[in-house]
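Written below as structure tokens is the structure these notes are about.
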Amino acid sequence: MNARYEDLSDIHIDVLREIGNIGAGNAATALSVMLGQPIDMTLPKVNLLEFNKVADAVGGPEAVTYGVLLNLSGDVDGMIMFLLNKDFAHLILNILMGGNYSSFDEMDELALSAIQEVGNILSAAYVKSIAELTGLFINVSVPEVNIDMAGALLSVPIIKFGTIGDKVLFIEENFQSSTQSVMSHMILFAEMQSLNLMLSKLGLA
Amino acid sequence: MGTIIVGISDLKLATPPDTLVTYALGSCVGICLLDPATRIGGLAHVMLPSIKVSPGDTNIMKFADTAIPEMVKKMEQLGAFRSRMTAKIAGGAQMFGSPALASTSNPSDIWQIGQRNVAAVVATLQALAIPIVAKDVLENYGRTVLFDPATGIMTVKALNKTVKEL
């Protein structure tokens with residue numbers, strides 16, 4: 001039984017990486033369906049990162065980012081945070097709504113709710129792969145959204161899970177449309193007990 | 001002259017000409033302490049109200065009720081006096097969720113953590129008899145905090161907002 005993220009073995013981490021890979025694949029498929037055009041994805045980078053390093057990995061604590069936060073409940077107690085940089089958000093909006101967005105200042109209510117929905121669909125794709133692989137029941141909350149400095153957005157899940165360890169599962173993906181390559185970040189925060197349950201369902205006690 | 005970076009769950013001291021900075025406080029709280037006579041300053045970036053909720057956690061810089069006394073102790077070791085210290089605080093925002101969500105949710109809920117962090121910081125400073133002379137707290141946006149022990153000015157920067165010098 002692992003008590004903290006630091007106690008996870010290399011095998012555990014490889015399994016989490018694989019869950020991340022499958023989730024990212026599902027997310028790319030969901031995104032192509034939503035946008036009505038093929039979206040390719042390079043092999044995602046999946047790492048356990050110290051929370052002090054997470055903000056650096058997304059462009060620095062002050063990088064202006066769109067954040068979507070979802071609460072996980074049921075068999076797994078956790079949170080998923082999905083961070084979209086400006087390019088990613090604008091690519092999606094321009095394809096989806098035929099607009100010509102180029103800065104966060106132009107975001108209207110409609111654009112915000114479109115991004116919220118994209119975050120919802122991508123996060124659901126991850127959760128679905130975890131649930132299918134493990135046979136666990138996972139309930140996902142309505143997404144909460146905000147645009148602000150990445151570090152400030154990340155403070156919420158980091159605070160919630162700051163008492164169980166100093167690391168998180170960090171997934172970096174490169175999505176490619178026919179014209180553009182954009183990056184997104186998905187961060188899974190889970191109670192250690194939930195992580196142990198996931199690992200034991202996969203045959204790793 | 002250097003700028004000393006204070007991370008998450010971290011605290012650092014500085015004397016002029018050095019200055020302190022902590023980036024992108026969300027629901028966390030930044031606490032700037034100054035002894036004006038010696039110009040010894042400190043900045044802490046705390047994540048949670050109390051170490052009591054997390055028994056076994058050894059990082060005392062994570063919690064308001066342990067980080068602030070630790071910072072005071074370190075400043076005293078350099079020659080500062082608690083009786084002269086003043087505090088300026090910033091952060092403790094509610095980054096997600098509508099105000100309605102926060103007011104209807106359980107007080108222990110994550111949506112209210114900013115508010116609880118601010119309350120814990122205020123209570124800890126009160127117990128140490130250190131007056132809060134300026135604050136920029138709560139609301140719903142992130143803040144970067146700079147503190148200059150030479151002037152005692154706490155500068156607060158936020159996205160699409162005027163820079164505040166407090």
Side-chain angles (χ1 to χ4, degrees), chain A residues 3-4 6 50-56 58-73 77-83 86 103-107 116 119 141-166 168 189 192, chain B residues 5-10 21-30 45-59 61-64 90-98 101-102 105 108-117 139-146 157-161:
Chain A
R4 294 169 70 85
E6 283 76 5
E50 281 174 42
F51 59 57
N52 252 321
K53 304 268 160 58
V54 176
D56 291 330
V58 299
E62 291 188 296
V64 179
T65 309
Y66 200 99
V68 182
L69 185 67
L70 301 100
N71 215 27
L72 307 180
S73 57
D77 188 4
M79 276 183 165
I80 279 184
M81 179 158 237
F82 184 68
L83 294 175
K86 196 164 60 100
S103 91
F104 276 129
D105 301 340
E106 304 164 23
M107 293 273 186
Q116 182 173 11
S141 73
V142 175
E144 296 289 341
V145 291
N146 197 2
I147 299 172
D148 209 309
M149 297 188 260
L153 298 173
L154 282 162
S155 73
V156 174
I158 285 174
I159 286 171
K160 175 145 191 214
F161 297 100
T163 51
I164 48 153
D166 297 341
V168 295
F189 300 82
M192 212 55 221
Chain B
I5 298 171
V6 180
I8 307 168
S9 301
D10 189 13
V21 64
T22 196
Y23 295 109
L25 288 161
S27 299
C28 300
V29 179
H45 179 147
V46 303
M47 277 171 62
L48 287 159
S50 173
I51 202 164
K52 289 177 195 129
V53 300
S54 186
D57 200 316
T58 52
N59 187 359
M61 297 188 289
K62 201 182 275 181
F63 307 94
Q94 183 192 337
M95 296 305 299
F96 289 97
S98 62
L101 182 65
S105 62
S108 67
D109 200 280
I110 183 69
W111 308 121
Q112 291 198 35
I113 189 67
Q115 209 175 312
R116 284 191 290 130
N117 277 337
E139 307 289 342
N140 60 354
Y141 53 86
R143 296 166 173 94
T144 284
V145 168
L146 298 94
K157 293 181 185 171
L159 184 63
N160 300 330
K161 291 202 164 49

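In what follows, every chain begins at residue 1, and chains take the letters A, B, ... in the order their sequences are listed.
Partners of B:Ser50 by side chain to side chain donor-acceptor pair (under 3.5 Å), not counting sequence neighbours, listed by chain and number: B:Asp65. With sequence neighbours excluded, the residues that form a side chain to side chain donor-acceptor pair (under 3.5 Å) with B:Thr22 are B:His45.
By the 6.0 Å and 45° rule, A:Lys160 does not stack over the aromatic ring of A:Phe189.
Only the backbone of B:Leu25 comes within contact range of chain A, with at least one heavy atom under 4.5 Å from a heavy atom of that chain. For A:Val142, no part sits under 4.5 Å from any heavy atom of chain B, backbone or side chain. With a 4.5 angstrom heavy-atom cutoff, B:Asn140 touches chain A only via backbone atoms.
Ranked by heavy-atom pairs under 4.5 Å with chain B, the first of A:Ala150, A:Gly67, A:Ala152 is A:Ala152. Each of B:Ala158, B:Gly142, B:Gly91 has some count of heavy-atom pairs under 4.5 Å with chain A, and the biggest count is that of B:Gly142.
With a 4.5 Å cut-off on side-chain heavy atoms, B:Ile113 and B:Leu48 count as touching.
Residues B:Gln94 and B:Phe96 come closest through the heavy atom pair NE2-O, 3.2 Å.
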